[in-house]
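Notes follow the structure.
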Amino acid sequence: MIRTKEIIREAFWELLEEKPYNKITVQDIVNRCQVNRNTFYYHFQDIPALMEESVKEWMEDVIHRYGNLESPVYCLTYIAGECMKRKNAFLHLFRSTQKDVFLSNLNKMAYGVVGAYVNEVEEYRDSSPAEKERVIRCCKCVFVGVLLDWLEEDASFDLPEFCEEICSTLAESASHMIAGYRNE
């Protein structure tokens, strides 16, 4: 039963890599995974429900794999790499009627990955909840902004490389700001 759901979700991702979201039909999906329509409807109400669950499952997998890395830079760079693997699918979702649901899920994913990192790392153990929240939101906002820019530019640049550059720039800026405060 669970395996059938996974097969349906994987067929959906494959089709989404090939064609726009609004061109995918239940018939396309059942043909791809060789199940009948009743099986599809047993597991999913409709294609939007399949899309939402597929993005959430992907997101949870990314959080599980990358939420415990040694720095937010690595977290965001690895998330960017995972986004690149589904580049066409993400572009199709970004251009679809389900754009808001898709972007909301990406926002939650970035928050979850950075939050998992901040809550596990020694450097932030003594930080107040408010301080941790600021770090999480700042990193999440930077990443989601970069991701939106990437999608709006038709995924035309190397997202992981750009994330590394942005994170390095932010780290340098933070060091300069802290040094400036110390000098005052």
Atom pair CG (Leu106) and CH2 (Trp58), whose distance is rounded to the nearest 0.5 Å: 6.0 Å
Over all atoms of both residues, closest heavy-atom pair of Ala80 and Cys163: CB-SG, 3.8 Å
same_hphob_cluster(Ile7, Met51) at 4.5 Å side-chain heavy-atom cutoff: no
Least distance between heavy atoms, Cys83 atom then Phe90 atom: SG-CE2, 3.5 Å
Closest non-hydrogen atom pair, Ala110 against Lys140: CB-CG, 3.7 Å
Phe40 six-ring face occupied by Lys5 cation (under 6.0 Å, within 45°): no
Chi angles and distances behind the side chain to side chain contact (heavy atoms under 4.5 Å, CB included) call for Asn88, Leu16: CA-CA 7 Å; Asn88 289 334; Leu16 200 51; over 6 Å; no
Any pair counted as salt bridge (charged side-chain N to carboxylate O under 4.0 Å, His left out), so long as it reaches residues 86-103, sequence neighbours left out: Arg95-Asp154
side-chain hydrogen bond (donor to acceptor under 3.5 Å, both in side chains) partners of residues 8-20, not counting sequence neighbours, each pair once: Arg9-Glu53, Glu14-Arg32, Glu18-Arg32, Lys19-Asp28
Phe102 and Tyr21 aromatic centres sub-6.0 Å: no
Residue pair Leu151 / Leu91, side-chain heavy-atom distance below 4.5 Å: yes
Separation of Leu15 CG from Lys23 NZ (nearest 0.5 Å): 14.0 Å
Heavy-atom closest contact (Ile47 atom, Val26 atom, distance): CD1-N, 3.5 Å
Close side-chain approach of Phe94 to Leu148, heavy-atom, < 4.5 Å: yes
Side chain to side chain contact (heavy atoms under 4.5 Å, CB included) involving Ser128 - partner list, sequence neighbours excluded: Ala130, Glu131
Heavy atoms from other residues, nucleotides or ligands near CD of Gln34 exceed 12 (cutoff 6.0 Å): no
Exercise: identify the closest heavy-atom pair between Leu93 and Ser96: O-OG, 2.8 Å
Between CG on residue Asn105 and OG on residue Ser54, distance to nearest 0.5 Å: 10.5 Å
Nearest-0.5 Å distance, OG of residue Ser104 to NZ of residue Lys56: 8.0 Å
Heavy atoms from other residues, nucleotides or ligands near CG of Asp46 exceed 12 (cutoff 6.0 Å): yes
Working for side chain to side chain contact (heavy atoms under 4.5 Å, CB included), residues Ile29 and Leu50: CA-CA 11 Å; Ile29 295 166; Leu50 169 61; 3.5 Å; yes
Heavy-atom closest pair, residues Ile8 and Thr39: CD1-O, 4.3 Å
Shared hydrophobic cluster, Val135 / Val142 (ILVMFWY, side-chain heavy atoms < 4.5 Å): yes
Any donor-acceptor N/O pair, Asn107 side chain to Leu103 backbone, under 3.5 Å: no
Approximate separation, where rounding is to 0.5 Å, of Glu165 CD and Asp158 CG: 8.5 Å
Phe143 with Phe157, same ILVMFWY side-chain cluster at under 4.5 Å: yes
Asn36/Val30 under side chain to side chain contact (heavy atoms under 4.5 Å, CB included): CA gap, chis, key distance, verdict: CA-CA 6 Å; Asn36 65 41; Val30 299; over 6 Å; no
Euclidean distance, Cys33 SG relative to Phe12 CZ, rounded to 0.5 Å: 12.5 Å
